[in-house]
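Have a look at the structure below before the remarks.
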Amino acid sequence: MAQNIDNNKSTVTEVLIGGKVFRLSGAEPEHIHKVAELVNRKLSEIKTLAGYKKLDSDYKELLLNLNIADEYFNAVAEAESYKAEMVEKENELYTARHDLVSLKLKLENALRQEDILENRVSEWKKKYEELCGESEEAEN
């Protein structure tokens with residue numbers, strides 16, 4: 001449930017965390033609900049640990065905070081890994097594009113050389129035909 005408080009234009013969102021209702025503000029309601037879901041998921045996970053019920057509330061809170069921090073640092077490490085992989089893929093793409101441009105230039109150069117050689121062959125054919133014609137006239 002989200003309500004708007006007119007005096008400071010902030011949205012208050014009610015969420016259920018650990019069986020208790022909290023009124024939170026300062027972010028979009030969808031974001032607050034996602035955060036609350038994460039906290040509830042982590043609470044559920046640590047409640048399954050052996051001896052959890054025997055721990056005092058400060059230690060339970062510390063355990064929850066450590067689990068959330070661990071997930072955060074794992075996500076940061078994964079993001080950094082993906083970023084490094086993306087940079088590597090961008091470099092590979094740049095190299096491939098460079099190679100493609102280089103090959104395209106070589107192909108264009110080869111096609112120009114082919115045109116030049118075809119023209120030369122055509123000229124040599126004409127000269128050959130002219131010489132054959134002159135040779136036949138000389139024999140007659």
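Positions are given from 1, in the same order as the sequence printed here.
In the hydrophobic clustering, where aliphatic and aromatic side chains (Ile, Leu, Val, Met, Phe, Trp, Tyr) are joined below 4.5 Å either directly or transitively, Val76 groups with Tyr72, Phe73. Residues Leu105 make up the rest of the hydrophobic cluster containing Val101, defined by ILVMFWY side-chain heavy atoms closer than 4.5 Å, directly or through other members.
Every residue meeting the side chain to side chain contact (heavy atoms under 4.5 Å, CB included) condition with Leu66, not counting sequence neighbours, appears here in chain and number order: Leu62. Tyr128 is linked by a side-chain hydrogen bond (donor to acceptor under 3.5 Å, both in side chains) to nothing, counting only residues two or more places apart in sequence or in another chain. For Glu123, there are no side-chain hydrogen bond (donor to acceptor under 3.5 Å, both in side chains) partners at least two apart in sequence or on another chain. Remark: Val21 engages Glu14, Leu16 in a side chain to side chain contact (heavy atoms under 4.5 Å, CB included) (not counting sequence neighbours). Applying the side chain to side chain contact (heavy atoms under 4.5 Å, CB included) rule to Asn40 yields the partners Ile17, Leu43; only residues at least two apart in sequence or on another chain are considered. Scored by the side chain to side chain contact (heavy atoms under 4.5 Å, CB included) test, Val121 finds no partners at all (sequence neighbours excluded). Scanning for side-chain hydrogen bond (donor to acceptor under 3.5 Å, both in side chains) contacts around Glu45 gives Arg41, Lys42, with sequence neighbours left out.
The CG atom of Leu49 sits 6.0 Å away from the CG atom of Leu63 when rounded to the nearest 0.5 Å. Summarising the geometry, atom OG1 belonging to Thr11 is positioned 12.0 Å from atom CG belonging to Leu24; distances are rounded to the nearest 0.5 Å. Separating the CG atom in Asn67 from the CD atom in Glu71 is a distance of 8.5 Å, to the nearest 0.5 Å.
The hydrophobic clustering, which links ILVMFWY residues whose side-chain heavy atoms are closer than 4.5 Å, places Leu64 and Tyr59 together.
Sorted by first and then second residue, the salt bridge (Lys or Arg N to Asp or Glu O under 4.0 Å) pairs involving residues 47-63 (not counting sequence neighbours) form an empty list.
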Show which side-chain atoms of residues 83-92 pair as donor or acceptor with protein atoms under 3.5 Å away, not counting sequence neighbours.
residue, atom, partner, partner atom, Å
Asn91, ND2, Val87, O, 3.4

Review item, side-chain donor-acceptor pairs of residues 108-115, under 3.5 Å, at least two apart:
none

Derivation and outcome, side-chain contact (heavy atoms from CB on, under 4.5 Å), residues Val15 and Val39:
CA-CA 11 Å; Val15 293; Val39 172; over 6 Å; no

Before you tell me yes or no, could you show the steps for Phe22 and Thr13 under side-chain contact (heavy atoms from CB on, under 4.5 Å), namely the whole-Å CA-CA distance, both residues' side-chain angles and the distance that decides it to 0.1 Å?
CA-CA 8 Å; Phe22 293 92; Thr13 305; over 6 Å; no

